[in-house]
Structures are given as C-alpha cells and as structure tokens.
Amino acid sequence: MAYTDLRQFLSDLGTDLVRVKESVDPRFEVAAVLKALGDQHPAVMFSNVRGYAGASICGNLLGKRSRLARAFGTTAEKLAAVYLERKGRGIATVDCHGKAPVKEVIKRDPDDLLALLPILTHYEKDAAPFITSGVVLAKDPATGRRAMGIHRMMVHGGNRLGVFLANPPLSQFLENAEKEGKPLEVAVALGLEPATLVAAVVKAGSTGPDKLEIAGALRDEPVELVRAESVEIDVPAHAEIVIEGKVLPGVRMKEGPFGENTGYYFTNESPVIEISAVTHRDGFVYPGLCPWTADVDSLLSLAAGTELLWQLQRHVGAVADLEMLGGTIGFSAVISVGRCSTSEVRRLIQLALSLDKRLKSVTVVDDDVDIRDPREVAWAMATRYQPSRDTLTIDRTEPYVIDPSAVALGCGSKIGFDATKGTGPEYEKVVIPKDARSRAQTLLAGIVQAPTC
C-alpha cells in the first residue's frame, strides 16, 4: 500500500513500534536511545518531549530492512527489485490547492526556531542542535528544474540555520544564484513518509523525472504539493513540518563540530539559511535521525547500494546482490556473484570502485554466502581469501569530502578483496537439512520477544 504520510506509516507498524512515555530531553537523551537501537530493533516514538508539549519525536524508522520494505509495500527479499523497477519511472506531482495538513499552524518570521521545534543535539561535542533528516527543496535559478536532498543543518540561533551543501544539485543551484548576487529560496520538509525520504537521496539526472516525481513512483502514488507561504517553492502537503527561507548569497559561517555519519566530528564553513516562515501540523511528529546508526545504513544501502548493484549487473552478468556494510556510510560494500572467473572478479572490483567515489573497499564473495550476515562474510574472508593472491589496490583516488583519512592527504586510495571459493570438494559448505531449519524457525518464533525500551 502507498502511505499518504508519516502518521499512516507509523500507525501501520503495530508491535514494530515502541512508545516511550517517560519525559525525554531532545539534548542527548533521544539520540542516546536511537543510538542504542540496532537493525533488529523496533521503531520508537517519544510522546513526552521535555519543553515541547503536544509534540512527539519518532526514530529508527528505517533501521530494519523489513520495515523499509513495508514502506514500499513489498518484502525485504524483493525490496531491491521493486525499488529499481519504480525508480526508473516517474509519477507527476499533484497540486492540493491549498488544503494541506502541513498548513494547520503557520508561523511567519519566527525569531527562535529552537523554541518551536525539538531539534536534537546528538553527540557530546556537537556545537549546537542539528537537523539531520530535513529534505531541502529548491529550484535551479538557471533552468527552473526543482530538486531535493537531505542536508544537515545547524541551529545558529534566532532565525538562522547553517546548511552543509557539499553535493549537487543543490550546491550547483546555490552557485547559480550567487553568480547573480541573489539568495536561493529553499524549503525544508521534515516528517515525510519513508518512500519520499528515500527519493531525496537517489540520483536523478538533469533531464527526465525529478526527485519528487521519482518519490511518486517509489510510493506508487503522486506526491501532493502545496505552495509555501513565503517562498516560491512547492512543498509536500502531508509533511509534518516545513521550514521556509533563503540561502544568503556569499555568506558563510562556521558549521560544527558535528558528529557525522563517519563516527567523527566534522566542521565546515557553510552557507546560511535565513528563515522566513515555519508551518506544521497540529501535534506534529519530529523525525529524529541519529548519525552513524542503522537508520542511516539502511537509507544508504537502498538508495546508493541498489543503484550501484543495477550498474554492475549491466556490465557483469554474474553479479547477484550487493550490500553496503553497516557503520561505513557507503565506504565499504560486499558483492555476491555466481560462477565467475578470477579475471572477471578483478574487473568487477575495479568497476565498482570506479563507479562510486565514496566506495573505499569491496569484498566479492560467492552467492552461497549471506552478504547481510557479517559472520558469513567474515567466514568467507577467513577461508577463501589469501592476502598475497586476492588483494587489489588502487592509489591516488579522489577523496570524499567527509572522509577524515583522505581529506588530510588530499587524495585517497581503494582496495578490493576476492573472497570467492575454488572448485574443489574442500569448499562444500555445511548445511542443515531444510526441514530441520524450518522447525527451528517455528520454535524460535514462540520464544524470541521483540526488545523493549
């Protein structure tokens, strides 16, 4: 089914959503819970947020692959195929003609954003609260083409936000506006249903469906838009919150330190948004996304990992599946293959490392290895890989902007591991009979309880 908004998705989770009724502080305490939740834990809703009566915070929405698959109306096993089939087409957005839940409350010229929204402070040395799941929407001043992306934002105080715009297309939009000495109008949507959130991080070309049209295809239903109050931007009508404003031309301020997805603090001189309006739903739900957690892993694995899988399968027919390793923010991947010669595995490694500039390491295993089970991947490396024979390195590559090990050097390097097996009988994998495995699953279903907070 297609979910109209975040609330509908949350209500459909049932026991896969736990509710924390005790008072929690948006400074560190919410992040501590989100950090503690892993990829097998339920989503969480905080209904008693200290200092914000009537507001709630949700988190760990995408941390489990099966939960992400639910957002697309499919299963974890079919998620990649469904994503690729839908991403290749677009569904045009529709105008809701001003009747939008996100306009239930309108605050013009707010003088203190932090007093309105429970923006989280995540890590001990973070310089301020940061918005981490805000979808920034803008139009290219040069072409009028719209786009959106997830960009972190630091609360500078009052009506100003620092925004880290390191990646296109929005970085290019700002450059085009600054060439004319003009501000770039933006809107930041918070609290979107998961399919639209995923669409914000997919790759979209300069022609064909834009990201909002891709969002419609991913959710299999058009995205309803409404014109913002103070900027000429159309925003998702069913968002929980929209922040409106303009990126000031030529203005840069220190943004950070911030505990990034790398697991390290990062500081930058970043553009500044001057806020002109905030609209939100009554009793809004603020989306908490703690950096360097399973939530981020799942988002990147579907958007970046599945895209890379599609590209690789077009060139190497033996490629079966791909998984971005948890905690590596897309820097490391495991690829499984069917029958594949050593030379073909080498070509695959080189291809994967060249297609994605974030990717630093690739491990190739046979398709009898469960690439989503770290234990099985480690087993393949331990028993099928020989360092002197099966390692491929590439030096002096382009560094990725938030990689601390590469930025200091001004260049990077990449490595590939061939952990595929030989053909001898010594590589026959031990297997428990299917009937016994099915019986074990039945027994465990009645014993294992979902963890609670």
Side-chain angles (χ1 to χ4, degrees), residues 38-40 65-66 75-81 294 297-298 301 304-306 308-328 330-356 359-395 397 413-445 447-448:
D39 58 5
Q40 296 306 310
R65 190 175 177 86
S66 61
T75 63
E77 293 74 23
K78 296 179 180 178
L79 179 58
D297 293 340
S298 186
S301 183
T306 308
L308 180 58
L309 172 63
W310 174 75
Q311 291 178 295
L312 294 175
Q313 287 178 328
R314 293 173 64 195
H315 296 280
V316 182
V319 172
D321 203 356
L322 181 148
E323 176 74 357
M324 295 292 188
L325 293 184
T328 71
F331 286 5
S332 298
V334 181
I335 302 169
S336 65
V337 296
R339 281 190 170 273
C340 208
S341 66
T342 299
S343 60
E344 194 76 344
V345 171
R346 289 293 177 109
R347 186 171 80 87
L348 172 61
I349 289 171
Q350 291 176 318
L351 182 62
L353 293 174
S354 65
L355 284 172
D356 190 335
L359 207 54
K360 289 172 63 176
S361 69
V362 170
T363 303
V364 181
V365 299
D366 299 281
D367 57 9
D368 66 336
V369 174
D370 181 354
I371 61 174
R372 293 181 179 85
D373 183 343
R375 188 175 185 275
E376 289 220 357
V377 175
W379 166 74
M381 282 291 291
T383 62
R384 301 178 179 183
Y385 163 79
Q386 280 295 321
S388 62
R389 179 193 66 196
D390 299 322
T391 307
L392 175 68
T393 60
I394 303 172
D395 199 11
T397 61
S413 58
K414 297 173 182 267
I415 190 167
F417 306 100
D418 179 357
T420 56
K421 64 183 178 181
T423 57
E426 66 271 21
Y427 285 109
E428 183 179 0
K429 185 180 179 182
V430 297
V431 176
I432 292 175
K434 184 177 180 180
D435 289 350
R437 283 183 278 138
S438 297
R439 174 63 174 156
Q441 291 299 317
T442 301
L443 293 171
L444 287 171
I447 298 172
V448 178

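- Enclosure of atom CD in Glu428 is not indicated, since only 12 or fewer non-hydrogen atoms of other residues, nucleotides or ligands lie within 6.0 angstrom.
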Practice problem: Evaluate the criterion side-chain contact (heavy atoms from CB on, under 4.5 Å) for residue pair Asp418 and Leu392; output intermediate values, then yes/no. | Solution: CA-CA 8 Å; Asp418 179 357; Leu392 175 68; over 6 Å; no

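- More than 12 heavy-atom neighbours from other residues, nucleotides or ligands sit within 6.0 angstrom of CZ on Arg347.
- Here the shortest heavy-atom pairing between Gly416 and Ile349 reads CA-CG2, 3.6 Å.
- Rounding to the nearest 0.5 Å places CZ of Arg339 at 12.0 Å from OG1 of Thr420.
- When all heavy atoms of Ser332 and Ser361 are compared, the pair lying nearest together is OG-OG, 2.8 Å.
- Distance check: Asp390 CG to Arg384 CZ gives 12.0 Å after rounding to the nearest 0.5 Å.
- Atom CG of Leu348 and atom CG of Leu353 lie 9.0 Å apart (nearest 0.5 Å).
- Taking every heavy atom of both residues into account, Met324 and Ala333 meet most closely at SD-CB, 3.9 Å.
- The minimum heavy-atom distance linking Asp367 with Ala320 is given by the pair CB-CB, 4.4 Å.
- Both tests pass for Arg314 against the ring of Trp310: distance under 6.0 Å to the centre and angle within 45° of the axis.
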Exercise. Starting from the C-alpha separation in whole Å, work towards a yes-or-no answer on side-chain contact (heavy atoms from CB on, under 4.5 Å) for Val334 and Glu376.
Key: CA-CA 11 Å; Val334 181; Glu376 289 220 357; over 6 Å; no

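- Looking only at distances, a side-chain donor or acceptor of Ser438 sits under 3.5 Å from a matching main-chain atom of Lys434.
- In this structure the side chain of Asp356 never reaches within 4.5 angstrom of the side chain of Gln311, judged on heavy atoms.
- Scanning both residues, Val316 and Leu351, for their nearest heavy atoms gives CG2-CD2, 4.4 Å.
- Salt-bridge annotation for Lys421 and Asp368: present, with a side-chain N of the basic residue lying under 4.0 Å from a carboxylate O of the acidic one.
- Shortest non-hydrogen contact noted between Leu308 and Ala352 is CD1-O, 4.4 Å.
- Between Arg439 atom CZ and Ile432 atom CD1 the span is 14.5 Å, to the nearest 0.5 Å.
- Rounded to the nearest 0.5 Å, atoms CG (Leu322) and CD1 (Ile335) are 5.0 Å apart.
- Taking 4.0 Å as the cut-off between side-chain N and carboxylate O, Arg372 and Asp321 count as a salt-bridged pair.
- Under the 3.5 Å distance criterion, the side-chain polar atoms of Gln313 are matched with a main-chain donor or acceptor of Val319.
- Crowding of Arg375 atom CZ: a count of heavy atoms from other residues, nucleotides or ligands under 6.0 Å not exceeding 12.
- No donor-acceptor pair under 3.5 Å is formed between the side chain of Ser301 and the backbone N or O of Asp297.
- No side-chain heavy atom of Glu323 sits less than 4.5 Å from a side-chain heavy atom of Val377.
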Quiz item: Given the rule in the side-chain contact (heavy atoms from CB on, under 4.5 Å) test, do Trp379 and Asp373 qualify, once you have shown the distances and angles that lead to the verdict?
Solution: CA-CA 10 Å; Trp379 166 74; Asp373 183 343; over 6 Å; no

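- Panel note: side chain Thr397, backbone Ser413; a donor-acceptor pair is recorded below 3.5 Å.
- Donor-acceptor pairing under 3.5 Å is recorded for the side chains of Tyr385 and Thr391.
- Atom NZ of Lys429 sits in a crowded spot, with more than 12 heavy atoms from other residues, nucleotides or ligands closer than 6.0 Å.
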